Number of protein chains: 2
Amino acid sequence: MDLPLSVDRASPVPLYFQLSQQLESAIEQGALAPGSLLGNEIDLAGRLGLSRPTVRQAIQSLVDKGLLVRRRGIGTQVVHSQVKRPMELSSLYDDLEAAGQRPATRVLRDTVEEATAEVAAALSVPEGTQVRRVERLRLTHGEPMAYMRNHLPADLLPAEGADLESTGLYRLMRTAGVTLHSARQTVGARSAGTAEAELLGEPAGAPLLTMRRTAYDDTGRPVEYGSHLYRASRYSFEFQLLVRP
Amino acid sequence: MDLPLSVDRASPVPLYFQLSQQLESAIEQGALAPGSLLGNEIDLAGRLGLSRPTVRQAIQSLVDKGLLVRRRGIGTQVVHSQVKRPMELSSLYDDLEAAGQRPATRVLRDTVEEATAEVAAALSVPEGTQVRRVERLRLTHGEPMAYMRNHLPADLLPAEGADLESTGLYRLMRTAGVTLHSARQTVGARSAGTAEAELLGEPAGAPLLTMRRTAYDDTGRPVEYGSHLYRASRYSFEFQLLVRP
DNA sequence: CAGTGGTCTAGACCACGGA
DNA sequence: CCGTGGTCTAGACCACTGC
């Protein structure tokens, strides 16, 4: 393990974080081969001039990410398989942008209306409360990919409809000071109705992926309820699961 | 915060784990109201006769689970929304059993064959390697729910076909000493072919949910590749996401 | 300003796995 | 047996928050 590890004590970045980042990039770039042992924590601490708990904190964060495995009496090993990110709470916009698909968005609707029973339940507000309703069509390469209908508290975002054509909803929420914390999702499938089929450019009765999601901020307040339709011929959900240890 | 917290130093259960379990059950049972502050770590440590790092470890594990939120200068709060478990790497059998659905399984096939290119790639073995192929039909209340096709290394499990009718595949693997670590999944949808429709009791062309999954053990070795079909009219995937902090 | 969590140290003992 | 990670202690200083 002759890795060029080092920490900068003058940096405001926590020492354990500096170390975990260096280890993570070493793993990603193959400098730490899958299956190889990391060397014991005591040596690593001594070599970097850190205490053992600090080194353990760095290693533990990578274990939590699924990049390393620790075994008593054995050591710390790099996991063989390339573990990618677990499914993230990202907007489809970010997903597609990251995939280099250059997404475009057409805002079909951006209004304030009274919450239906379904929306009110999802957002934990009384039925009839004023909520903002956004409907968008997401396109890639000029072809429809998804129809997205969102409901959010009316006061959550400044009423700037134009931004939604160029920015994902979650990015706007973060800019507005909303810290996302968790979300509950349901993924299913059904056949397209005639209007849906026409909107998405599919034949009538084509299979569609459905996704309903309620997202919560870090105080547990529901900040978004979405009910989306994806063309099954052009989209699927891909994600990584880690087994709880 | 007058909770009846206590730790047993004679127990082999780690102190931080005892504490986190007590806090978790207090949250679940409502003894710790959502939004309430947990009290500072120093006091808590002093009251229990623990050191601060130990208390922090207990709290941190609950933060990782999404039950608590910490803010500098504020304190530790119970999250408002009921956070349930993130999506788990469970077999459908376990899913249904937990939901009280009394699942039944019909093993349609349990053979050893040569790996196709698709299976070989997923299991990281040379094409043509001998692999075990299992096909099952999962039923609830006498109705078909899913058709599951799995491929696994031929030597992974003892060749006991009968168990598959009464036990989930993952349970069998765990019994055989396989420690699951992670999995990569893809969820999509398509229309049922005539044979699939008949098998699942759906009309031809009905929408089906598709799921492909490769599971890895803790050394990173692929231990299972599954390609499954679910009746969209009777099944959907539901899961919780936590935003990485 | 006082109080909170965030980070860090330098030790200690134990449990487990392999030689 | 030795080396590994797992747990734990009793302090310390810093950064951020709200008053």
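It should be emphasised that the depicted structure is a prediction, and the values quoted were computed from it without experimental measurement. Only heavy atoms go into these numbers, but all of them, side chains included; no hydrogens, no water, no symmetry mates. Chain identifiers are assigned alphabetically (A, B, ...) following the order of the sequence lines, protein sequences preceding nucleic acid strands; residue numbering begins at 1 within each chain.
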field: Residue whose nearest DNA chain C nucleotide is more 5′ - A:Arg9 or B:Asp43
entry: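 Whichever sits nearer the 5' end wins; that is B:Asp43.
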To the side chain of [X], which of [options] is closest?
{"X": "B:Ser51", "options": "C:dT9, C:dG17, D:dA10", "result": "D:dA10"}
{"X": "A:Arg56", "options": "D:dG6, C:dC8, D:dG18", "result": "D:dG6"}
{"X": "A:Arg70", "options": "D:dT9, D:dG5, C:dG5", "result": "D:dG5"}
{"X": "A:Thr54", "options": "C:dT9, D:dT9, D:dT7", "result": "C:dT9"}

query: What about B:Arg52, does its side chain sit under 3.5 Å from the base of C:dG6 through a donor-acceptor pair?
result: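 Answer yes: a donor N or O sits under 3.5 Å from an acceptor.
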query: What about A:Arg72: does its side chain form a donor-acceptor pair under 3.5 Å with the base of C:dG18?
result: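 Flag unset: no donor-acceptor pair detected.
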Can you tell me the distance, in whole Å, between the [atom1] atom of [X] and the [atom2] atom of [N]?
{"X": "B:Gln57", "N": "C:dC8", "atom1": "CD", "atom2": "C1'", "value": "16 Å"}
{"X": "B:Asn40", "N": "D:dC16", "atom1": "CG", "atom2": "C1'", "value": "15 Å"}
{"X": "B:Gln60", "N": "D:dC8", "atom1": "CD", "atom2": "P", "value": "16 Å"}
{"X": "A:Glu41", "N": "C:dA10", "atom1": "CD", "atom2": "C1'", "value": "15 Å"}
{"X": "B:Leu38", "N": "C:dG3", "atom1": "CG", "atom2": "P", "value": "18 Å"}
{"X": "A:Gln18", "N": "C:dT7", "atom1": "CD", "atom2": "C1'", "value": "12 Å"}
{"X": "A:Leu15", "N": "D:dC14", "atom1": "CG", "atom2": "P", "value": "14 Å"}
{"X": "A:Leu37", "N": "D:dG3", "atom1": "CG", "atom2": "P", "value": "15 Å"}

- prompt: Is the backbone N or O of B:Tyr216 less than 3.5 Å from a side-chain atom of B:Glu224, with the two atoms forming a donor-acceptor pair by type?
  reply: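 Side chain of B:Glu224 to backbone of B:Tyr216: no pair is present.
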- prompt: Are B:Asp110 and B:Arg136 ion-paired here, with the side-chain N under 4.0 Å from a carboxylate O?
  reply: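 No.
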Once you apply a heavy-atom cut-off of 4.0 Å, does [X] come out as touching a base, just sugar-phosphate, or nothing?
{"X": "B:Pro53", "answer": "base"}
{"X": "A:Arg71", "answer": "sugar-phosphate"}
{"X": "B:Gly49", "answer": "sugar-phosphate"}

Short side-chain N/O contact from A:Thr76 to OP1 or OP2 of D:dT4, under 4.0 Å: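 So the side chain of A:Thr76 is outside the cut-off, no N or O lying under 4.0 Å from OP1 or OP2 of D:dT4.
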message: Less than 4.0 angstrom between a side-chain N/O of B:Tyr16 and OP1 or OP2 of D:dC8, yes or no?
response: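 False: B:Tyr16 side-chain N/O out of range (4.0 Å or more) of D:dC8 OP1/OP2.
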[atom1]-[atom2] distance between [X] and [Y], expressed to the nearest 0.5 angstrom:
{"X": "A:Glu135", "Y": "A:His151", "atom1": "CD", "atom2": "NE2", "value": "7.0 Å"}
{"X": "B:Ile27", "Y": "B:Leu32", "atom1": "CD1", "atom2": "CG", "value": "5.5 Å"}
{"X": "A:Asn150", "Y": "A:Met173", "atom1": "CG", "atom2": "CE", "value": "9.0 Å"}

